[in-house]
Amino acid sequence: MPEEGAFRGAEQLLYREARLLDERRFHDWLALFTDDIHYSMVGRPNRYPKASKALAVLEADRYAEADLDGTDELGLFDEDIGTLTARVARLDTGMAWAEDPPSRTRHLITNIEIADESASELTVHSNFIVYRSRGETEEDLYVGARTDLLRRVNGVWKIARRRMVLDQNVLTAKNLSIFF
Amino acid sequence: MPNLREAYHGELDRDSLGLIPVAQLDSYKGLWFATFDRTAPSLREYLGEMAWYIDTFIDRREGGIEVVATHKWITPCNWKFPAENFGGDAYHVQWNHLSAVKIGFSRGATANTQSTQRMVSPGNGHALICIGPNDVGDPPMPEIDAYEREIAVNVRERLGPRANLVNPIVGTVFPNFSLLRGTSRSIRVWQPRGPEKTEIRSFIFMDKAAPPGVKRAIRQAGIRGFSPSGSFEQDDMDNWQECTQTCRGVMSRQMPLHNRMGLGHERFDEDLGAWVSDYRFSESNQRQFYQRWAELMKAGVHHA
(Lines give C-alpha, C1' and ligand atoms only; values in the text may rest on other atoms or scores of the structure.)
Protein backbone atom coordinates (compact mmCIF):
# COMPACT_ATOMS: atom_id res chain seq x y z
CA MET A 1 0.00 0.00 0.00
CA PRO A 2 1.29 3.45 -0.84
CA GLU A 3 2.03 5.88 1.89
CA GLU A 4 -1.09 7.85 2.83
CA GLY A 5 0.68 11.20 2.48
CA ALA A 6 1.77 10.44 -1.07
CA PHE A 7 -1.71 9.34 -2.00
CA ARG A 8 -3.27 12.49 -0.59
CA GLY A 9 -0.65 14.62 -2.34
CA ALA A 10 -1.42 13.06 -5.71
CA GLU A 11 -5.16 13.20 -5.20
CA GLN A 12 -5.17 16.85 -4.15
CA LEU A 13 -2.93 17.82 -7.07
CA LEU A 14 -5.27 16.17 -9.59
CA TYR A 15 -8.39 17.69 -8.01
CA ARG A 16 -6.80 21.13 -7.91
CA GLU A 17 -5.77 20.75 -11.54
CA ALA A 18 -9.36 19.87 -12.52
CA ARG A 19 -10.63 22.98 -10.75
CA LEU A 20 -8.06 25.23 -12.44
CA LEU A 21 -9.12 23.89 -15.86
CA ASP A 22 -12.82 24.35 -15.14
CA GLU A 23 -12.15 27.91 -13.93
CA ARG A 24 -10.14 28.54 -17.13
CA ARG A 25 -7.03 29.47 -15.11
CA PHE A 26 -4.76 28.07 -17.82
CA HIS A 27 -1.61 29.95 -16.82
CA ASP A 28 -1.92 28.54 -13.29
CA TRP A 29 -2.52 25.14 -14.87
CA LEU A 30 0.75 25.35 -16.84
CA ALA A 31 2.62 25.92 -13.58
CA LEU A 32 1.65 22.39 -12.47
CA PHE A 33 3.97 20.84 -15.09
CA THR A 34 7.71 20.30 -14.97
CA ASP A 35 9.74 21.86 -17.79
CA ASP A 36 10.35 18.43 -19.31
CA ILE A 37 6.67 17.46 -19.40
CA HIS A 38 5.51 15.14 -22.18
CA TYR A 39 1.75 15.39 -22.52
CA SER A 40 0.04 12.97 -24.88
CA MET A 41 -3.36 11.53 -25.72
CA VAL A 42 -4.30 8.73 -28.10
CA GLY A 43 -7.63 7.36 -29.29
CA ARG A 44 -8.38 3.65 -29.22
CA PRO A 45 -8.11 1.29 -32.17
CA ASN A 46 -11.07 -0.75 -33.34
CA ARG A 47 -9.93 -4.37 -33.34
CA TYR A 48 -11.18 -7.91 -33.35
CA PRO A 49 -10.37 -9.87 -30.21
CA LYS A 50 -7.52 -12.35 -30.62
CA ALA A 51 -9.89 -15.29 -30.17
CA SER A 52 -12.25 -14.07 -32.88
CA LYS A 53 -13.24 -16.73 -35.41
CA ALA A 54 -13.40 -13.90 -37.94
CA LEU A 55 -9.61 -13.99 -37.88
CA ALA A 56 -9.75 -17.20 -39.86
CA VAL A 57 -10.44 -15.15 -42.95
CA LEU A 58 -8.28 -12.19 -42.04
CA GLU A 59 -4.59 -11.63 -41.51
CA ALA A 60 -4.21 -12.21 -37.77
CA ASP A 61 -1.19 -9.94 -37.48
CA ARG A 62 -3.16 -6.97 -38.70
CA TYR A 63 -5.97 -7.57 -36.26
CA ALA A 64 -4.13 -8.26 -33.02
CA GLU A 65 -5.86 -6.95 -29.95
CA ALA A 66 -3.34 -4.21 -29.34
CA ASP A 67 -5.18 -1.65 -27.29
CA LEU A 68 -3.95 0.15 -24.21
CA ASP A 69 -0.34 -0.71 -24.91
CA GLY A 70 0.67 2.76 -25.99
CA THR A 71 0.03 2.37 -29.67
CA ASP A 72 -0.04 5.91 -30.93
CA GLU A 73 -1.35 5.89 -34.46
CA LEU A 74 -4.46 7.79 -33.31
CA GLY A 75 -2.44 10.59 -31.73
CA LEU A 76 -4.60 13.45 -30.43
CA PHE A 77 -2.07 15.37 -28.32
CA ASP A 78 1.74 15.14 -28.44
CA GLU A 79 2.97 18.17 -26.53
CA ASP A 80 5.93 19.55 -24.63
CA ILE A 81 6.01 22.58 -22.34
CA GLY A 82 6.62 24.86 -25.34
CA THR A 83 3.57 23.74 -27.30
CA LEU A 84 1.33 23.60 -24.22
CA THR A 85 2.35 27.18 -23.44
CA ALA A 86 1.68 28.15 -27.07
CA ARG A 87 -1.77 26.54 -26.92
CA VAL A 88 -2.58 28.66 -23.87
CA ALA A 89 -1.10 31.75 -25.54
CA ARG A 90 -3.38 31.12 -28.52
CA LEU A 91 -6.41 31.38 -26.24
CA ASP A 92 -5.14 34.81 -25.15
CA THR A 93 -5.02 36.19 -28.73
CA GLY A 94 -8.74 36.91 -28.79
CA MET A 95 -8.93 35.03 -32.10
CA ALA A 96 -9.19 31.41 -30.96
CA TRP A 97 -12.65 30.90 -32.41
CA ALA A 98 -13.19 27.34 -31.17
CA GLU A 99 -13.15 28.77 -27.64
CA ASP A 100 -15.05 31.96 -28.46
CA PRO A 101 -17.49 31.69 -26.79
CA PRO A 102 -15.61 29.47 -24.33
CA SER A 103 -16.49 25.89 -23.51
CA ARG A 104 -18.02 25.27 -20.10
CA THR A 105 -16.22 22.23 -18.73
CA ARG A 106 -16.44 20.01 -15.68
CA HIS A 107 -13.54 17.63 -15.12
CA LEU A 108 -14.43 14.63 -12.92
CA ILE A 109 -11.32 12.72 -11.84
CA THR A 110 -11.82 9.26 -10.32
CA ASN A 111 -10.16 5.86 -9.70
CA ILE A 112 -6.93 7.41 -8.45
CA GLU A 113 -4.43 4.64 -7.88
CA ILE A 114 -0.75 4.84 -7.10
CA ALA A 115 1.07 2.29 -9.22
CA ASP A 116 4.64 3.03 -8.29
CA GLU A 117 6.23 5.15 -5.66
CA SER A 118 9.62 6.49 -4.65
CA ALA A 119 10.68 9.40 -2.45
CA SER A 120 10.58 11.86 -5.32
CA GLU A 121 8.32 10.25 -7.97
CA LEU A 122 4.86 8.71 -8.17
CA THR A 123 3.18 6.90 -11.03
CA VAL A 124 -0.54 7.56 -10.73
CA HIS A 125 -3.46 6.11 -12.66
CA SER A 126 -6.73 7.97 -12.84
CA ASN A 127 -9.89 8.08 -14.94
CA PHE A 128 -11.67 11.13 -16.22
CA ILE A 129 -15.08 12.16 -17.40
CA VAL A 130 -15.08 15.62 -18.90
CA TYR A 131 -18.38 17.28 -19.71
CA ARG A 132 -18.29 20.14 -22.17
CA SER A 133 -21.19 22.43 -22.90
CA ARG A 134 -20.90 25.30 -25.32
CA GLY A 135 -23.09 27.86 -27.01
CA GLU A 136 -26.68 27.19 -26.13
CA THR A 137 -27.15 23.43 -26.38
CA GLU A 138 -23.91 21.84 -27.63
CA GLU A 139 -22.73 18.97 -25.42
CA ASP A 140 -19.80 16.59 -25.49
CA LEU A 141 -18.57 13.86 -23.15
CA TYR A 142 -14.91 12.90 -23.13
CA VAL A 143 -14.11 9.74 -21.16
CA GLY A 144 -10.72 8.17 -20.70
CA ALA A 145 -7.77 7.24 -18.53
CA ARG A 146 -4.54 8.95 -17.54
CA THR A 147 -1.23 7.66 -16.32
CA ASP A 148 0.77 10.48 -14.79
CA LEU A 149 4.31 10.61 -13.53
CA LEU A 150 4.41 13.05 -10.62
CA ARG A 151 7.70 14.42 -9.39
CA ARG A 152 8.46 16.29 -6.19
CA VAL A 153 10.24 19.53 -7.11
CA ASN A 154 11.34 21.76 -4.19
CA GLY A 155 8.81 20.01 -1.95
CA VAL A 156 5.90 20.42 -4.40
CA TRP A 157 4.36 17.67 -6.54
CA LYS A 158 4.40 18.47 -10.26
CA ILE A 159 3.28 16.55 -13.35
CA ALA A 160 6.31 15.33 -15.31
CA ARG A 161 4.58 13.01 -17.79
CA ARG A 162 0.98 12.46 -18.79
CA ARG A 163 -0.19 9.69 -21.08
CA MET A 164 -3.89 9.66 -21.83
CA VAL A 165 -6.23 7.31 -23.63
CA LEU A 166 -9.57 8.60 -24.90
CA ASP A 167 -12.16 5.80 -25.05
CA GLN A 168 -13.34 6.41 -28.60
CA ASN A 169 -12.23 5.28 -32.02
CA VAL A 170 -14.06 7.82 -34.14
CA LEU A 171 -14.17 10.94 -32.00
CA THR A 172 -17.78 12.10 -31.75
CA ALA A 173 -16.88 15.61 -30.58
CA LYS A 174 -16.13 18.12 -33.34
CA ASN A 175 -12.86 19.16 -31.71
CA LEU A 176 -10.57 18.96 -28.69
CA SER A 177 -10.32 22.66 -27.93
CA ILE A 178 -10.12 22.03 -24.16
CA PHE A 179 -7.41 20.49 -21.98
CA PHE A 180 -7.43 17.20 -20.04
CA MET B 1 -24.00 -22.19 -45.45
CA PRO B 2 -25.91 -23.38 -42.34
CA ASN B 3 -29.25 -25.17 -42.88
CA LEU B 4 -29.31 -24.37 -46.57
CA ARG B 5 -31.50 -27.35 -47.36
CA GLU B 6 -33.82 -27.20 -44.32
CA ALA B 7 -34.28 -23.47 -43.77
CA TYR B 8 -34.12 -22.38 -47.37
CA HIS B 9 -35.61 -25.66 -48.67
CA GLY B 10 -32.78 -25.82 -51.20
CA GLU B 11 -34.41 -22.95 -53.08
CA LEU B 12 -31.80 -20.26 -52.49
CA ASP B 13 -30.14 -19.15 -55.71
CA ARG B 14 -26.79 -18.25 -54.26
CA ASP B 15 -25.28 -17.30 -57.60
CA SER B 16 -27.66 -14.38 -57.96
CA LEU B 17 -26.84 -13.00 -54.49
CA GLY B 18 -23.74 -11.69 -52.79
CA LEU B 19 -21.68 -8.57 -52.59
CA ILE B 20 -22.29 -5.96 -55.25
CA PRO B 21 -19.04 -5.51 -57.17
CA VAL B 22 -17.87 -1.98 -57.88
CA ALA B 23 -18.12 -1.07 -61.54
CA GLN B 24 -14.62 0.37 -61.70
CA LEU B 25 -11.64 0.08 -59.39
CA ASP B 26 -8.32 1.71 -60.09
CA SER B 27 -5.35 3.20 -58.29
CA TYR B 28 -3.24 6.24 -58.88
CA LYS B 29 0.21 5.98 -57.25
CA GLY B 30 -1.14 3.92 -54.37
CA LEU B 31 -4.38 5.83 -53.85
CA TRP B 32 -7.35 3.57 -54.58
CA PHE B 33 -10.59 4.82 -56.07
CA ALA B 34 -13.79 2.88 -56.78
CA THR B 35 -17.14 3.74 -58.31
CA PHE B 36 -20.45 1.93 -58.74
CA ASP B 37 -21.05 3.95 -61.91
CA ARG B 38 -20.32 1.96 -65.08
CA THR B 39 -20.67 5.04 -67.25
CA ALA B 40 -18.16 7.10 -65.26
CA PRO B 41 -14.94 7.98 -67.05
CA SER B 42 -11.77 6.08 -66.20
CA LEU B 43 -9.81 7.26 -63.17
CA ARG B 44 -7.04 8.84 -65.24
CA GLU B 45 -9.55 10.65 -67.40
CA TYR B 46 -11.45 11.82 -64.31
CA LEU B 47 -8.29 13.16 -62.67
CA GLY B 48 -7.02 14.75 -65.88
CA GLU B 49 -4.51 17.51 -65.14
CA MET B 50 -5.17 17.06 -61.41
CA ALA B 51 -2.92 13.97 -61.54
CA TRP B 52 0.21 16.12 -61.72
CA TYR B 53 -0.98 18.23 -58.82
CA ILE B 54 -1.57 15.06 -56.75
CA ASP B 55 2.04 14.10 -57.51
CA THR B 56 3.24 17.27 -55.78
CA PHE B 57 1.83 15.89 -52.53
CA ILE B 58 2.47 12.15 -52.70
CA ASP B 59 5.19 11.56 -55.27
CA ARG B 60 7.88 14.05 -54.37
CA ARG B 61 10.41 11.30 -53.69
CA GLU B 62 11.02 7.72 -54.74
CA GLY B 63 8.81 5.39 -52.68
CA GLY B 64 5.94 7.85 -52.30
CA ILE B 65 4.51 8.47 -48.86
CA GLU B 66 3.66 6.66 -45.64
CA VAL B 67 1.04 7.39 -42.99
CA VAL B 68 2.40 8.48 -39.60
CA ALA B 69 -0.87 9.24 -37.78
CA THR B 70 -4.60 8.77 -38.34
CA HIS B 71 -7.51 10.92 -37.18
CA LYS B 72 -11.19 10.10 -37.39
CA TRP B 73 -13.88 12.39 -36.09
CA ILE B 74 -17.38 13.61 -36.74
CA THR B 75 -18.16 17.25 -37.23
CA PRO B 76 -21.63 18.83 -37.49
CA CYS B 77 -21.36 20.40 -40.93
CA ASN B 78 -22.25 19.80 -44.55
CA TRP B 79 -19.37 18.06 -46.37
CA LYS B 80 -19.13 20.77 -49.02
CA PHE B 81 -17.80 23.37 -46.58
CA PRO B 82 -14.57 21.51 -45.80
CA ALA B 83 -14.25 20.33 -49.43
CA GLU B 84 -14.41 23.88 -50.80
CA ASN B 85 -12.33 25.21 -47.91
CA PHE B 86 -9.41 22.91 -48.76
CA GLY B 87 -10.05 23.57 -52.44
CA GLY B 88 -9.50 27.30 -52.39
CA ASP B 89 -10.25 29.26 -49.24
CA ALA B 90 -6.97 31.12 -48.86
CA TYR B 91 -8.98 34.19 -47.90
CA HIS B 92 -10.06 32.81 -44.49
CA VAL B 93 -6.55 32.11 -43.20
CA GLN B 94 -5.62 35.69 -42.34
CA TRP B 95 -8.59 35.98 -39.99
CA ASN B 96 -9.71 32.50 -39.01
CA HIS B 97 -6.21 31.16 -38.34
CA LEU B 98 -4.35 34.27 -37.26
CA SER B 99 -4.14 33.01 -33.66
CA ALA B 100 -2.23 29.91 -34.82
CA VAL B 101 0.09 32.01 -36.98
CA LYS B 102 0.74 34.52 -34.19
CA ILE B 103 1.92 31.89 -31.74
CA GLY B 104 4.19 30.21 -34.28
CA PHE B 105 2.28 27.01 -35.16
CA SER B 106 2.22 28.03 -38.79
CA ARG B 107 3.93 30.32 -41.25
CA GLY B 108 0.54 31.39 -42.58
CA ALA B 109 1.88 31.15 -46.14
CA THR B 110 -1.52 31.76 -47.71
CA ALA B 111 -1.80 35.08 -45.83
CA ASN B 112 1.60 36.29 -47.03
CA THR B 113 1.05 39.54 -48.94
CA GLN B 114 4.27 39.07 -50.94
CA SER B 115 3.21 35.69 -52.32
CA THR B 116 2.43 35.05 -55.98
CA GLN B 117 -0.25 32.67 -54.74
CA ARG B 118 -2.99 31.68 -57.18
CA MET B 119 -6.21 29.70 -57.09
CA VAL B 120 -5.84 26.85 -59.59
CA SER B 121 -8.65 24.75 -61.11
CA PRO B 122 -7.43 21.90 -63.36
CA GLY B 123 -10.98 20.98 -64.43
CA ASN B 124 -13.80 18.59 -63.41
CA GLY B 125 -14.29 20.60 -60.19
CA HIS B 126 -10.80 19.80 -58.86
CA ALA B 127 -9.26 22.81 -57.13
CA LEU B 128 -6.06 23.88 -55.38
CA ILE B 129 -4.32 26.72 -53.62
CA CYS B 130 -0.82 27.14 -55.04
CA ILE B 131 1.68 29.45 -53.41
CA GLY B 132 4.65 30.78 -55.34
CA PRO B 133 7.38 28.31 -56.33
CA ASN B 134 9.79 29.72 -53.75
CA ASP B 135 7.23 30.33 -51.00
CA VAL B 136 7.42 27.98 -48.01
CA GLY B 137 4.27 26.57 -46.43
CA ASP B 138 5.83 23.84 -44.32
CA PRO B 139 5.40 23.77 -40.54
CA PRO B 140 8.06 25.98 -38.93
CA MET B 141 10.20 23.18 -37.48
CA PRO B 142 14.00 23.09 -37.94
CA GLU B 143 14.08 19.35 -38.83
CA ILE B 144 11.57 19.89 -41.63
CA ASP B 145 13.23 23.05 -42.97
CA ALA B 146 16.60 21.28 -43.15
CA TYR B 147 15.07 18.25 -44.86
CA GLU B 148 13.20 20.32 -47.43
CA ARG B 149 16.31 22.37 -48.28
CA GLU B 150 18.21 19.17 -48.85
CA ILE B 151 15.69 17.60 -51.24
CA ALA B 152 14.42 20.75 -53.00
CA VAL B 153 16.43 20.43 -56.22
CA ASN B 154 15.64 16.75 -56.66
CA VAL B 155 11.93 17.27 -55.99
CA ARG B 156 11.70 19.92 -58.71
CA GLU B 157 13.56 17.73 -61.12
CA ARG B 158 11.22 14.82 -60.39
CA LEU B 159 8.04 16.90 -60.72
CA GLY B 160 9.15 18.68 -63.88
CA PRO B 161 9.13 22.29 -65.13
CA ARG B 162 5.68 23.15 -63.77
CA ALA B 163 7.14 22.93 -60.25
CA ASN B 164 9.14 26.07 -61.13
CA LEU B 165 5.86 27.94 -61.58
CA VAL B 166 3.73 26.92 -58.58
CA ASN B 167 3.91 25.18 -55.21
CA PRO B 168 0.54 23.50 -54.52
CA ILE B 169 -0.08 23.35 -50.77
CA VAL B 170 -3.71 22.33 -50.40
CA GLY B 171 -6.42 21.09 -52.72
CA THR B 172 -9.54 19.01 -53.27
CA VAL B 173 -9.97 16.20 -55.76
CA PHE B 174 -13.64 16.63 -56.61
CA PRO B 175 -15.80 15.99 -54.73
CA ASN B 176 -14.55 15.07 -51.25
CA PHE B 177 -10.91 13.97 -51.21
CA SER B 178 -8.42 16.59 -50.07
CA LEU B 179 -4.66 16.88 -49.82
CA LEU B 180 -2.71 19.24 -47.60
CA ARG B 181 0.96 20.18 -47.45
CA GLY B 182 0.79 23.53 -45.63
CA THR B 183 1.44 23.70 -41.86
CA SER B 184 0.97 19.92 -41.73
CA ARG B 185 0.60 17.07 -44.21
CA SER B 186 -2.67 15.23 -44.54
CA ILE B 187 -4.73 13.34 -47.08
CA ARG B 188 -8.36 13.10 -46.05
CA VAL B 189 -11.88 12.17 -47.03
CA TRP B 190 -14.92 14.25 -46.06
CA GLN B 191 -17.44 11.44 -45.71
CA PRO B 192 -21.07 12.57 -45.50
CA ARG B 193 -22.84 10.78 -42.63
CA GLY B 194 -26.29 12.25 -43.13
CA PRO B 195 -27.60 15.80 -42.90
CA GLU B 196 -25.24 18.17 -41.10
CA LYS B 197 -22.83 15.40 -40.24
CA THR B 198 -19.45 14.78 -41.85
CA GLU B 199 -16.94 12.18 -40.76
CA ILE B 200 -13.36 13.24 -41.35
CA ARG B 201 -10.82 10.52 -42.07
CA SER B 202 -7.43 12.16 -42.08
CA PHE B 203 -4.05 10.53 -42.58
CA ILE B 204 -0.92 12.46 -41.66
CA PHE B 205 1.76 11.49 -44.17
CA MET B 206 5.40 11.99 -44.95
CA ASP B 207 7.76 10.96 -47.74
CA LYS B 208 8.62 7.32 -47.14
CA ALA B 209 12.28 8.12 -47.82
CA ALA B 210 12.43 10.78 -45.09
CA PRO B 211 14.53 10.01 -41.99
CA PRO B 212 12.69 8.97 -38.77
CA GLY B 213 13.26 12.32 -37.05
CA VAL B 214 11.54 14.17 -39.90
CA LYS B 215 8.61 11.74 -39.85
CA ARG B 216 8.28 12.30 -36.11
CA ALA B 217 8.29 16.07 -36.64
CA ILE B 218 5.56 15.88 -39.29
CA ARG B 219 3.50 13.64 -37.03
CA GLN B 220 3.74 16.23 -34.26
CA ALA B 221 2.94 19.06 -36.69
CA GLY B 222 -0.12 17.10 -37.83
CA ILE B 223 -1.37 16.49 -34.30
CA ARG B 224 -0.69 20.07 -33.20
CA GLY B 225 -2.06 21.73 -36.33
CA PHE B 226 -4.58 19.56 -38.16
CA SER B 227 -5.95 16.93 -35.75
CA PRO B 228 -9.17 17.45 -33.75
CA SER B 229 -6.97 19.24 -31.18
CA GLY B 230 -5.03 21.10 -33.87
CA SER B 231 -4.61 24.83 -33.49
CA PHE B 232 -5.81 25.27 -37.09
CA GLU B 233 -8.41 22.58 -37.26
CA GLN B 234 -10.38 23.22 -34.08
CA ASP B 235 -11.36 26.68 -35.33
CA ASP B 236 -12.35 25.32 -38.75
CA MET B 237 -14.73 22.83 -37.15
CA ASP B 238 -16.49 25.67 -35.43
CA ASN B 239 -16.75 27.82 -38.53
CA TRP B 240 -18.03 25.03 -40.79
CA GLN B 241 -20.66 24.22 -38.19
CA GLU B 242 -21.72 27.87 -38.00
CA CYS B 243 -21.78 28.17 -41.81
CA THR B 244 -24.00 25.08 -42.00
CA GLN B 245 -26.34 26.42 -39.35
CA THR B 246 -26.55 29.89 -40.92
CA CYS B 247 -27.38 28.44 -44.34
CA ARG B 248 -30.30 26.47 -42.89
CA GLY B 249 -32.32 29.56 -42.03
CA VAL B 250 -35.69 30.09 -43.68
CA MET B 251 -34.51 33.34 -45.26
CA SER B 252 -30.93 32.34 -46.01
CA ARG B 253 -32.14 29.29 -47.95
CA GLN B 254 -33.95 31.62 -50.33
CA MET B 255 -30.87 33.75 -51.00
CA PRO B 256 -28.27 32.92 -53.64
CA LEU B 257 -24.81 32.28 -52.26
CA HIS B 258 -22.41 35.13 -53.02
CA ASN B 259 -19.38 33.51 -54.60
CA ARG B 260 -18.19 36.37 -56.82
CA MET B 261 -14.82 37.30 -55.40
CA GLY B 262 -12.53 37.81 -58.41
CA LEU B 263 -15.29 37.04 -60.95
CA GLY B 264 -13.98 37.94 -64.41
CA HIS B 265 -10.41 38.07 -63.10
CA GLU B 266 -9.38 34.54 -63.95
CA ARG B 267 -8.02 32.95 -67.09
CA PHE B 268 -6.89 29.63 -68.49
CA ASP B 269 -3.13 29.13 -68.14
CA GLU B 270 -1.62 26.73 -70.68
CA ASP B 271 1.50 26.03 -68.63
CA LEU B 272 -0.52 25.12 -65.55
CA GLY B 273 -3.21 23.31 -67.53
CA ALA B 274 -5.79 25.01 -65.36
CA TRP B 275 -8.00 28.00 -64.74
CA VAL B 276 -6.04 30.44 -62.60
CA SER B 277 -7.05 33.51 -60.59
CA ASP B 278 -5.35 36.83 -61.31
CA TYR B 279 -4.95 37.63 -57.61
CA ARG B 280 -3.88 35.62 -54.57
CA PHE B 281 -7.45 35.62 -53.23
CA SER B 282 -10.42 34.65 -55.37
CA GLU B 283 -13.49 32.42 -55.34
CA SER B 284 -12.65 31.16 -58.81
CA ASN B 285 -12.07 27.66 -57.41
CA GLN B 286 -15.34 27.66 -55.48
CA ARG B 287 -17.16 28.59 -58.69
CA GLN B 288 -15.54 25.67 -60.51
CA PHE B 289 -16.33 23.32 -57.62
CA TYR B 290 -19.99 24.31 -57.33
CA GLN B 291 -20.53 24.45 -61.11
CA ARG B 292 -19.36 20.86 -61.35
CA TRP B 293 -21.48 19.90 -58.37
CA ALA B 294 -24.56 21.56 -59.90
CA GLU B 295 -23.95 19.78 -63.25
CA LEU B 296 -23.82 16.42 -61.53
CA MET B 297 -26.85 17.09 -59.34
CA LYS B 298 -28.87 17.92 -62.48
CA ALA B 299 -27.51 15.03 -64.56
CA GLY B 300 -29.19 11.63 -64.73
CA VAL B 301 -25.92 9.90 -65.50
CA HIS B 302 -22.29 10.81 -65.23
CA HIS B 303 -21.01 13.11 -67.97
CA ALA B 304 -17.27 13.57 -68.17
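The sequence lines fix the lettering, A, B, ..., with proteins before strands; numbering per chain opens at 1.
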Going by heavy atoms in the side chains, are [X] and [Y] under 4.5 Å from each other?
| X | Y | value |
| --- | --- | --- |
| E233(B) | N175(A) | no |
| S229(B) | R87(A) | yes |
| L171(A) | I74(B) | no |
| K72(B) | N169(A) | yes |
| D238(B) | K174(A) | yes |

Drop me the distance from F77(A)'s CZ to S227(B)'s OG, to the nearest 0.5 angstrom. 7.0 Å
Please check this pair: side chain of W73(B) against backbone of T172(A), looking for a donor-acceptor N/O pair closer than 3.5 Å.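 Looks like no, no N/O pair under 3.5 Å.
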Report yes or no: does H71(B) contribute a side-chain atom to a donor-acceptor pair with the main-chain N or O of G75(A) at less than 3.5 Å? yes
For [X], I'd like to know if atom [atom1] has over 12 heavy atoms of other residues, nucleotides or ligands within 6.0 Å.
| X | atom1 | value |
| --- | --- | --- |
| R25(A) | CZ | yes |
| F26(A) | CZ | yes |
| R107(B) | CZ | yes |
| L17(B) | CG | yes |
| Q114(B) | CD | no |
| R106(A) | CZ | no |

Leading residue by heavy atom contact count with chain B [cutoff under 4.5 Å; candidates G135(A), G94(A), A96(A), A89(A)]: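 Among G135(A), G94(A), A96(A), A89(A), the one with the most close pairs to chain B is A96(A).
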Greatest number of heavy atom pairs closer than 4.5 Å to chain B - which of V170(A), I178(A), T85(A): V170(A)
Region of W95(B) in contact with chain A, defined by heavy-atom distances below 4.5 Å: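 Both the backbone and the side chain of W95(B) come within 4.5 Å of chain A.
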Let me know if D236(B) has heavy atoms under 4.5 Å from chain A in its side chain, its backbone, both or neither. neither
Where does D80(A) contact chain B at under 4.5 Å (heavy atoms): side chain, backbone, both or neither?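 When you check distances to chain B, atoms from both the backbone and side chain of D80(A) fall under 4.5 Å.
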Go through the steps for Q241(B) and E138(A) under the test side-chain contact (heavy atoms from CB on, under 4.5 Å), then give the verdict. CA-CA 11 Å; Q241(B) 176 185 15; E138(A) 277 178 55; 3.6 Å; yes
Quick one: of E242(B), M237(B), E199(B), who has the most non-hydrogen atom pairs under 4.5 Å with chain A?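 Sorted descending by pairs with chain A, the first entry is M237(B).
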With a 4.5 Å cut-off on heavy-atom pairs, point out which of I204(B), T198(B), N96(B) contacts chain A the most. N96(B)
Under 3.5 Å, is there a donor-acceptor pair between the S231(B) and R90(A) side chains?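 R90(A) and S231(B) do not have a side-chain donor-acceptor pair below 3.5 Å.
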Output yes when D92(A) and K102(B) qualify as a salt bridge under the 4.0 Å nitrogen-oxygen rule, no when they do not. no
Under 4.0 Å between a Lys/Arg side-chain N and an Asp/Glu carboxylate O for R216(B) and D78(A)?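 No, this pair does not count.
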Might you point out which heavy atoms bring W97(A) and D235(B) nearest each other, and give the distance in Å? N-OD1, 3.1 Å
